[in-house]
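Since the structure comes first, as structure tokens, the remarks are kept for the end.
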Amino acid sequence: MSVCTDCNKNELEAVTLQPNQEGECQSIVHETVCVQGTVIITPSLVSGTSTSFCVGNPIIGSCPGDLQPSCSFTVSQNICVQIPLTFSATASAVENGVVCGVPDIGACLGTTVCTHSIGFYASNPTFTNQLITNAGGSIILGINNLGLSFTVTTANSSAVLNLNTPSPPAPANPPFANQYQALYAQLLAANLNALNIQAHGVDVCSFALLAIEDANQFLADSPIGGTSGAPDYQEPLEQFNTGGAPGCPVHCTE
């Protein structure tokens, strides 16, 4: 034992601890417990900026019917509330006004859907061909056999996704050859994304449905050898497939 002094000149004893010469044995113990809590879901409705439009021509005279100071109506929306739970702390606010559903395990159905690129579908033929099989075994790019329409099956899906759609119907000569190959590939990927989204119980966004419909019509109307305009129909499909389309799912991490 030694002696030292501090700033106040007080004498302190400094003790040097000696290591334990005996062997030590450390153990870890645990207990499994069940933590219970109550999840409370509260309603929230926020109105965005409204927009009004004229309907028909102006009316000469008064509005038909009884005038009211305001109009009101009831609108409702089914909502899947996804709730992350940490069983060490909780917070809740209690109000009336929600109709409870049936609780279930996992994330809300459909909230995790996303879109894949043509590269993903080309690199994952098992996943790709299962979607085609689930769709009845074929996907028509175009409308039946009109114009430059092409029917995709599990046997030729890889060729389409790798920009090798057979010619005919694909144009064989530039500049339309490459343009149509890209269109076929993006249109097939868009159809596959739509099928995958529907398989998750989610409606396909209107942007994608319109882009697919327009591309199908363009192929059906195309003459032998192709025509100009394929990139105009390919680009919206690519926008949807890569997660950049408005109102549509984001792109998956591939």
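Only a predicted model underlies this, so the values are computations on that prediction, with no experimental measurement involved.
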| request: Please check if the side chain of Thr165 supplies one atom and the backbone of Gln181 the other of a donor-acceptor pair under 3.5 Å. | output: no

| Distance, nearest 0.5 Å, that separates CG of Asn156 from CG of Leu188 | 9.0 Å

| said: For a 4.5 angstrom cut-off between non-hydrogen side-chain atoms, does Phe218 reach Thr227? | reply: yes

| Do Ser158 and Asn162 have a side chain donor and acceptor closer than 3.5 Å? | yes

| said: The criterion is ring-ring contact (aromatic ring centres under 6.0 Å, His included); which residues satisfy it with Phe150, sequence neighbours excluded? | reply: none

| task | Supply the atom-to-atom distance Asn129 CG to Leu192 CG, rounded to the nearest 0.5 angstrom. | result | 9.0 Å

| said: Applying side chain to side chain donor-acceptor pair (under 3.5 Å), can you list everything that pairs with Gln130, at least two apart in sequence or on another chain? | reply: Asn134

| request: Please tell me if the side chains of Leu187 and Asn191 come closer than 4.5 Å, counting only heavy atoms from C-beta onward. | output: yes

| Can you check whether Phe120's main-chain N or O pairs, donor with acceptor, with Asn124's side chain at less than 3.5 Å? | yes

| said: Using modelled atom types and a 3.5 Å cut-off, is there a donor and acceptor pairing between side-chain atoms of Asn216 and backbone atoms of Gly142? | reply: yes

| task | Taking all heavy atoms of Ile118 and all of Ala185, pick out the closest pair and write down the distance. | result | CG2-O, 3.3 Å

| Measuring from Asn196:CG to Cys114:SG, what's the distance to the nearest 0.5 Å? | 7.5 Å

| message | I need the single residue from Leu209, Leu210, Asn193 that forms a side chain to side chain contact (heavy atoms under 4.5 Å, CB included) with Phe240. Which is it? | response | Asn193

| task | Hey, could you give me the OG1/NE2 distance between Thr128 and His116, rounded to the nearest 0.5 Å? | result | 9.0 Å

| message | Quick check: do Leu219 and Ile143 have side-chain heavy atoms less than 4.5 Å from each other? | response | no

| Side-chain contact, heavy-atom cut-off 4.5 Å: Tyr121 with Ser157? | no

| note | Distance col, row Ile139:CD1 vs Leu131:CG, nearest 0.5 angstrom, shows 7.5 Å

| task | Could you state whether Val152 and Ile140 fall into the same hydrophobic cluster, counting links through intermediate Ile, Leu, Val, Met, Phe, Trp or Tyr residues with side-chain heavy atoms under 4.5 angstrom apart? | result | no

| For Ala215 against Leu237, the heavy-atom pair lying closest together | CB-CD1, 3.8 Å

| Are any of the side-chain heavy atoms of Ser117 and His251 separated by less than 4.5 Å? | yes

| Path from Leu141 to Val204 over hydrophobic side-chain contacts below 4.5 Å | no

| query | Does any non-hydrogen side-chain atom of Gln239 lie less than 4.5 Å from one of Phe207? | reply | yes

| field | Closest approach of Leu161 to Ala189 (non-hydrogen atoms, all atoms of both residues) | value | CD2-N, 4.5 Å

| task | Evaluate whether atom CG of Asn145 has more than 12 neighbouring non-hydrogen atoms of other residues, nucleotides or ligands under 6.0 angstrom away. | result | no

| Heavy-atom donor-acceptor pair, Ser167 side chain to Pro169 backbone, under 3.5 Å | no

| field | Single-linkage hydrophobic cluster Phe176~Leu163, side-chain heavy atoms < 4.5 angstrom | value | no

| field | For Ser206, all residues meeting side chain to side chain donor-acceptor pair (under 3.5 Å), sequence neighbours excluded | value | none

| Donor-acceptor contact present, side-chain Asp214 to main-chain Ile212, <3.5 Å | no

| request: Taking side chain to side chain donor-acceptor pair (under 3.5 Å) as the test, write out the residues that go with Ser222, two or more places apart. | output: Tyr180

| request: Mind checking the CD1-CG spacing from Ile224 to Leu148? Nearest 0.5 Å is all I need. | output: 7.5 Å

| message | In the structure I gave you, are the side-chain heavy atoms of Ile79 and Ile41 within less than 4.5 Å of one another anywhere? | response | no

| field | Partners passing side chain to side chain donor-acceptor pair (under 3.5 Å) against Glu238 (at least two apart in sequence or in another chain) | value | Gln234

Under 3.5 Å, which donor-acceptor pairs link side chains of residues 59-72 to any protein atom two or more places apart or in another chain?
none

| request: Give a yes or no on whether the backbone of Ala230 and the side-chain of Gln179 come within a donor-acceptor separation of less than 3.5 Å. | output: no

| query | Where do Thr115 and Thr242 land on the side chain to side chain contact (heavy atoms under 4.5 Å, CB included) test, with the steps shown first? | reply | CA-CA 7 Å; Thr115 58; Thr242 55; over 6 Å; no

| field | Cys248 versus Ala208, closest heavy-atom pair with distance | value | SG-N, 4.2 Å

| Tell me, do Asn144 and Ser149 make a side-chain contact under 4.5 Å, heavy atoms counted? | no

| said: Between Asn241 and Gln186 (side chain of the first, backbone of the second, donor and acceptor by atom type, cut-off under 3.5 Å), is there such a pair? | reply: yes

